[in-house]
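Single-structure report; data block below.
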Number of protein chains: 2
Amino acid sequence: MNQISEKVASTKGPKGKRTQDDIVYEHIFDAILEQRLAPGTKLNEESLGEIFGVSRTIIRRALSRLGHEQVIVLRPNRGAVVASPTLEEAKQIVFARRVCERAVTELVVDNAPASQIEQLKKLVQEEQDCFAKGDKGSGIRLSGEFHLKLAEMANNPPLLNFQRSLVSQCSLIIAQYEKNGEKSHCSYDEHYELIDAIKNRDKELAVKLMMHHLDHIEHKLSLDDEPSPDDLRSIFSNVLGEK
Amino acid sequence: MNQISEKVASTKGPKGKRTQDDIVYEHIFDAILEQRLAPGTKLNEESLGEIFGVSRTIIRRALSRLGHEQVIVLRPNRGAVVASPTLEEAKQIVFARRVCERAVTELVVDNAPASQIEQLKKLVQEEQDCFAKGDKGSGIRLSGEFHLKLAEMANNPPLLNFQRSLVSQCSLIIAQYEKNGEKSHCSYDEHYELIDAIKNRDKELAVKLMMHHLDHIEHKLSLDDEPSPDDLRSIFSNVLGEK
DNA sequence: AGTGAAAATTTTGTACACAAATAGGCATTC
DNA sequence: GAATGCCTATTTGTGTACAAAATTTTCACT
């Protein structure tokens with residue numbers, strides 16, 4: 001059975017200490033952020049094990065971690081499925097995210113050094129490029145990573161953790177409740193505006209922009225959509241392709 | 001090897017569907033909330049397995065869950081230890097808790113039905129009884145459960161999850177930074193005052209009381225600033241400087 | 001004694017085998 | 001024809017064996 005390929009889409013921390021289950025975790029996490037894994041999709045342990053070339057033990061650890069972040073639901077004796085929040089749950093998640101993002105924004109305005117704000121800008125440029133190139137999946141993921149980077153800059157690990165869980169859940173919500181025709185991402189224009197407000201240390205404006213930003217997500221939660229179960233193998237073809 | 005005894009100290013949900021690793025998780029979690037497990041304590045997988053009469057597989061799952069809640073630290077290839085937050089980490093945790101508790105308090109004032117507020121009162125009475133009887137451990141745990149119950153009443157599962165992690169981490173902080181002579185718990189008087197404010201739907205007062213409540217925890221952090229004499233790194237942090 | 005390397009022991013990481021639970025098909029019954 | 005119960009195939013849950021890593025002990029040498 002072949003090993004996992006080293007490459008992974010998301011940010012690989014400078015310390016290359018990622019273990020096998022980290023890699024599996026990140027692949028699934030990214031697939032969800034990029035909306036390649038639809039809400040409700042069943043995650044079979046053995047299939048995943050074959051796809052990633054590891055035993056079920058490793059898959060199980062990754063799933064358990066995703067389960068704790070509420071990104072997937074672990075049903076005892078019935079396996080894991082990608083979470084598909086109800087409308088009410090979705091509203092609760094967005095509310096929680098408002099709470100978290102407000103705190104993060106205030107911390108960043110107060111404390112983040114200018115150098116990090118520049119890094120933020122680069123991330124948004126990358127995001128913009130992806131949408132320009134038509135790589136919608138990566139664009140959506142980078143949009144989420146923008147918010148994670150903000151939380152990182154807030155320099156508060158508990159909030160960062162919370163944010164990670166919320167951002168990925170919001171990705172699921174967008175995937176589930178968005179009409180196919182509409183533009184599906186929080187627009188990078190708004191990210192640029194936010195960066196400017198932060199750079200000018202205008203806390204009130206920054207928070208206002210952030211809340212406005214979240215209004216867009218919440219606004220979409222009025223109409224329904226039907227998720228379609230996908231084939232695990234095709235979603236993770238990037239893993240198999242490396243051998 | 002005998003099985004796990006069914007009884008467990010904490011709230012047993014009405015659906016008795018707790019599995020073995022839930023039970024192990026709850027036992028360790030309670031031990032931390034009751035401050036019977038000191039920060040820094042090594043958690044050996046095999047020893048725990050013998051104690052609870054289950055295999056390492058189960059222990060591992062419980063530890064992984066505790067690790068995700070940041071209550072213990074999982075060091076790759078080196079096992080798990082009860083978290084012992086540094087002063088800076090402690091402040092970050094308390095800050096995050098302010099964010100969470102503020103949101104929770106506002107939600108509860110706005111939405112919680114009177115019947116649940118009555119249940120809260122009973123919980124505080126129980127807490128008071130424990131301290132009166134000298135059962136400090138249970139008192140501290142119930143004090144934490146008061147705050148968890150509040151988060152439950154906020155009817156927002158993501159916030160409840162976050163709160164669970166923060167309350168237990170705060171328990172660790174108190175265990176670690178408190179001077180032995182001082183009274184060690186958030187006093188139930190304050191809990192009673194808070195309940196009254198909630199009952200009167202006085203949001204501003206309720207939030208003010210809650211923040212005041214958290215001030216007490218934070219106040220202890222500034223007085224005492226030398227946690228563990230064995231941590232060379234913090235002692236020589238000035239030498240290492242900012243990387 | 002003090003130092004450092006190497007062996008021995010302990011502890012964690014991973015795979016796998018088997019047990020338990022679940023889901024789906026099929027026949028039987030009303 | 002729908003409902004019920006049994007049987008089988010699949011999937012998840014748990015224990016255990018062995019591999020890999022870290023820790024401790026031993027011991028030779030200065």
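Bear in mind that the values here come from a model prediction, so they are computed numbers and not experimental data. In what follows, chains are A, B, ... by sequence order, proteins preceding strands, each numbered from 1. What's counted below: heavy atoms across the whole structure, side chains too, no hydrogens, waters or symmetry copies.
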Practice task
Would you tell me if any nitrogen or oxygen in the side chain of A/Arg61 comes within less than 4.0 Å of OP1 or OP2 on C/dT14?
Solution key: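 Looking at the OP1 and OP2 atoms of C/dT14, one of them is under 4.0 Å from a side-chain N or O of A/Arg61.
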Exercise for the section: Indicate whether OP1 or OP2 belonging to D/dA22 is found under 4.0 Å from a side-chain N or O atom of B/Lys42. Expected result: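 Result: no.
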How many whole angstroms separate atom [atom1] of [X] from atom [atom2] of [N]?
X	N	atom1	atom2	answer
A/Ile59	D/dT11	CD1	C1'	14 Å
A/Glu46	D/dT12	CD	C1'	10 Å
B/Gln20	D/dT12	CD	C1'	15 Å
B/Glu50	C/dT10	CD	P	13 Å
B/Arg75	D/dA22	CZ	C1'	10 Å
A/Arg60	D/dT11	CZ	C1'	10 Å
B/Asn44	C/dT12	CG	C1'	9 Å
B/Leu74	C/dT11	CG	P	17 Å

Exercise for the section: Ignoring hydrogens and angles, state whether a donor on the side chain of B/Gln169 or B/Ser165 is under 3.5 Å from an acceptor on the partner side chain. Expected result: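 Indeed, the side chains of B/Gln169 and B/Ser165 share at least one donor-acceptor pair under 3.5 Å.
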Exercise for the section: Using a strict cut-off of less than 4.0 Å between a Lys/Arg side-chain nitrogen and an Asp/Glu carboxylate oxygen, indicate whether B/Glu126 and B/Lys122 qualify as a salt bridge. Expected result: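 So B/Glu126 does not pair with B/Lys122 through a salt bridge.
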Practice task
Ignoring the backbone of B/Glu45, work out which of D/dT12, C/dT12, D/dT14 is nearest its side chain.
Solution key: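 The answer is C/dT12.
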Handout entry: Closest nucleotide among C/dT11, D/dT12, C/dA23 to the A/Arg78 side chain
Key =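 In terms of side-chain proximity for A/Arg78, the closest of C/dT11, D/dT12, C/dA23 is C/dA23.
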Between the protein and nucleotides 16-21 of chain C, list every N/O to N/O distance that falls short of 3.5 Å.
from, atom 1, to, atom 2, distance (Å)
C/dA21, O3', A/Asn77, ND2, 3.4

Once side-chain contact (heavy atoms from CB on, under 4.5 Å) is applied, do any residues pair with [X], and if so which ones, sequence neighbours excluded?
X	answer
B/Arg164	B/Tyr25, B/Phe29, B/Glu69, B/Leu148, B/Leu160, B/Asn161
B/Asn111	B/Leu107
B/Arg60	A/Arg61, B/Glu45, B/Arg56
B/Val124	B/Glu127, B/Phe146, B/Tyr188, B/His191, B/Tyr192, B/Ile195

Practice task
Sort and list the pairs that fulfil salt bridge (Lys or Arg N to Asp or Glu O under 4.0 Å) and have at least one residue in residues 73-95 of chain A, not counting sequence neighbours.
Solution key: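 Passing the test, one end in residues 73-95 of chain A: no pairs.
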